[in-house]
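Here the structure is laid out as structure tokens; the discussion comes afterwards.
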2 protein chains.
Amino acid sequence: MSGKRNQRGVGLTDDMKQLSQKLAPTQPLPSRVASILSQEISSGRLKPGDRLPTEHQIAESLGISRNVVREAIAQLRADGLVRARQGAGAFVMEPEERLAIRLDPTDLENIEGMEGLFELRALLEGEAARLATMRRTDDDLAEISAALEDMRGDEKWSEGSIEADLVFHRAIAKATGNSYIHTFVCFICDQIRRSIHMARYANQIEQLVEVNVGEHVVILDALKAGDPEAARAAMVHHITEAGRRIGVILRNEQNNSQQGIAAS
Amino acid sequence: MSGKRNQRGVGLTDDMKQLSQKLAPTQPLPSRVASILSQEISSGRLKPGDRLPTEHQIAESLGISRNVVREAIAQLRADGLVRARQGAGAFVMEPEERLAIRLDPTDLENIEGMEGLFELRALLEGEAARLATMRRTDDDLAEISAALEDMRGDEKWSEGSIEADLVFHRAIAKATGNSYIHTFVCFICDQIRRSIHMARYANQIEQLVEVNVGEHVVILDALKAGDPEAARAAMVHHITEAGRRIGVILRNEQNNSQQGIAAS
DNA sequence: ATGATTATATTTGTCCTACAACCCTACAAC
DNA sequence: GTTGTAGGGTTGTAGGACAAATATAATCAT
């Protein structure tokens, strides 16, 4: 049944419906509505402090039930994007009030986005390697070593190998003893991994695995030797090279100018 | 206008915000349910791949409507915490599939949590200052300088001053030209700011403002001078000191051992 | 007995209605 | 001018109904 004829767009513009179709035809309805509203906010058409259209208006204007609209708004509320006050309405919150970081997947589909993310990753993981060198426990070291073994072990470069690669990086982040650093590093690595999977992945890597493994060995050696700056430099170098292998080129102002990198 | 005007009862606008947050006794019902479920997951009682109880079961077991349960699950779905398949159920996703970072506010109520966050902040912003020194445009520099002026300007230490402080840090992060760094720095700064507001804030700072401003001047000078490592060291030093002022003590392995810090 | 097919039950997705709680404005009363 | 009150509007919650998709059980053909 459908009285879902929405002649009059009450609160929302028409281009949204086109967007809703374009974004993801197969995503659940509430998520699509949430994307529409969130785009209205990030695009500036809805500024902080503004009140959203009422749930009734949104529902009628999109030809959907108020229930769906409420689920969509629940998602925005969880991100601190809007605050709903009973009886008053839903209001866009200040950017400083956001309590979640969510990366737009479309930003990662082009090279520039990946470059930015790789740079951030190099910063974070470089520092993580430095801290880990000073704070690691023996258990941490064992975990890191085991991951390295898995990398060059049985599976060789296949699916399991790239998983072991991630375990290696995560283990180092965990060895800093700082759960926030661990959380952020894991998040960024996963974002990158998924983007690579989506895009090209597994094109011509083949023999480069040995190079890749070699870079990890340098990191681990520096960690064992207890040389924080060397560990940091090795990690930055590795991530820079890993990016270059898939076409991401970082601006090489990267600090390694000072010293340390020649170490081994 | 606002000089020393606010005895009590007049400047209600700012007070009311704090009060509304502080004495909000109950979060909205769906959010509470989402917290419960999310805790079930992060605590490991629900492992990746497991199926959540049915919406009916959750609703009945908590004595609430299925509508509320659905809104709660909508929030989890938005974070990539669970995936709901029509006809089958809602399943916990792998940690690598998460597509949002959300910090648990309760983790920030104790000193250890704040220490971890301050350490991460020092890492990130230190590197941001270094990059900004190399990449800043003249517009960036103007923005940063303006923020510094606002800091020691009219309002002195009051509410506006701490806002200008944040603007200073955000402007530096933006001057890196990397939107991800900017996003992450903003997020972490806001988290810290809110936690301080909630907890103690504004206890005995008073004259320390001048010290605080002085630290910012050192950062800006290094930026102008084009000395990346000095800028980085100054930023790390500033954040370390800022943390110390509110009782957060960072482990001082902090690299600043090399040089640079004595500069100025 | 085994494999394929069809029922059947379960579960999520969407819609609907209704009412409670609350906010805001306006207006009346003091 | 301040306070109290009434009304309409908006979000919050409840509950029921059905559609759509899935999983499980039963049935049938081979």
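All values below come from the heavy atoms of this structure, side chains included, with hydrogens, waters and symmetry mates left out. We name chains A, B, ... by the order of the sequence lines, and we start the count at 1 in each one. Not measured: the values here are computed from a predicted model.
Between atom CG of residue B/Leu76 and atom CZ of residue B/Arg83 there is a gap of 14.0 Å, rounded to the nearest 0.5 Å.
With ring centers used as reference points, B/His169 lies 6.0 Å or more from B/His182.
Residues B/Asp150 and B/Ala164 approach most closely at CB-CB, 3.7 Å, considering heavy atoms. Between B/Met93 and B/Pro48 the shortest heavy-atom distance is O-CB, 3.7 Å.
Side-chain atoms of B/Arg245 and B/Asn212 include a donor-acceptor pair closer than 3.5 Å.
Atom P of nucleotide C/dT14 and atom CD of B/Gln86 are separated by 7 Å, given to the nearest angstrom. C/dA21 atom P lies 14 Å from atom CG of B/Leu29, rounded to whole Å. In this structure, the CD1 atom of A/Ile64 is 11 Å from the C1' atom of C/dC15, given to the nearest Å.
Between the base of C/dT11 and the side chain of B/Arg70 there is no donor-acceptor pair shorter than 3.5 Å.
Looking at heavy-atom distances under 4.0 Å, B/Arg51 makes contact with sugar-phosphate atoms alone, never a base. Residue contacts shown for B/Pro30 are limited to sugar-phosphate atoms, with no base heavy atom under 4.0 Å away. Counting any heavy atom pair closer than 4.0 Å across all strands shown, B/Arg85 reaches sugar-phosphate atoms only and no base atom.
Within residues 53-63 of chain B, the residues having any heavy atom under 4.0 Å from DNA chain C are, by residue number, B/Thr54, B/Glu55.
Each of C/dC16, C/dC23, C/dT12 was ranked by its minimum atom distance to the side chain of A/Ala88; first place goes to C/dC23.
Ring orientation note: the planes of B/Phe184 and A/Phe187 are tilted relative to one another, at an angle of 30° to 60°.
Close approach of DNA chain D to chain A, defined as any atom under 4.0 Å from a non-hydrogen atom of the protein, starts and stops at D/dG9 to D/dT13.
In this structure, C/dC30 and D/dG1 make a Watson-Crick or G-U wobble pair, each of the two defining distances being under 3.5 angstrom. Base pairing annotation: C/dA18 forms a Watson-Crick or G-U wobble pair with D/dT13, both donor-acceptor distances under 3.5 Å.
Between A/Gly87 and B/Phe91, the one whose closest nucleotide on DNA chain D sits nearer the 5' end is A/Gly87.
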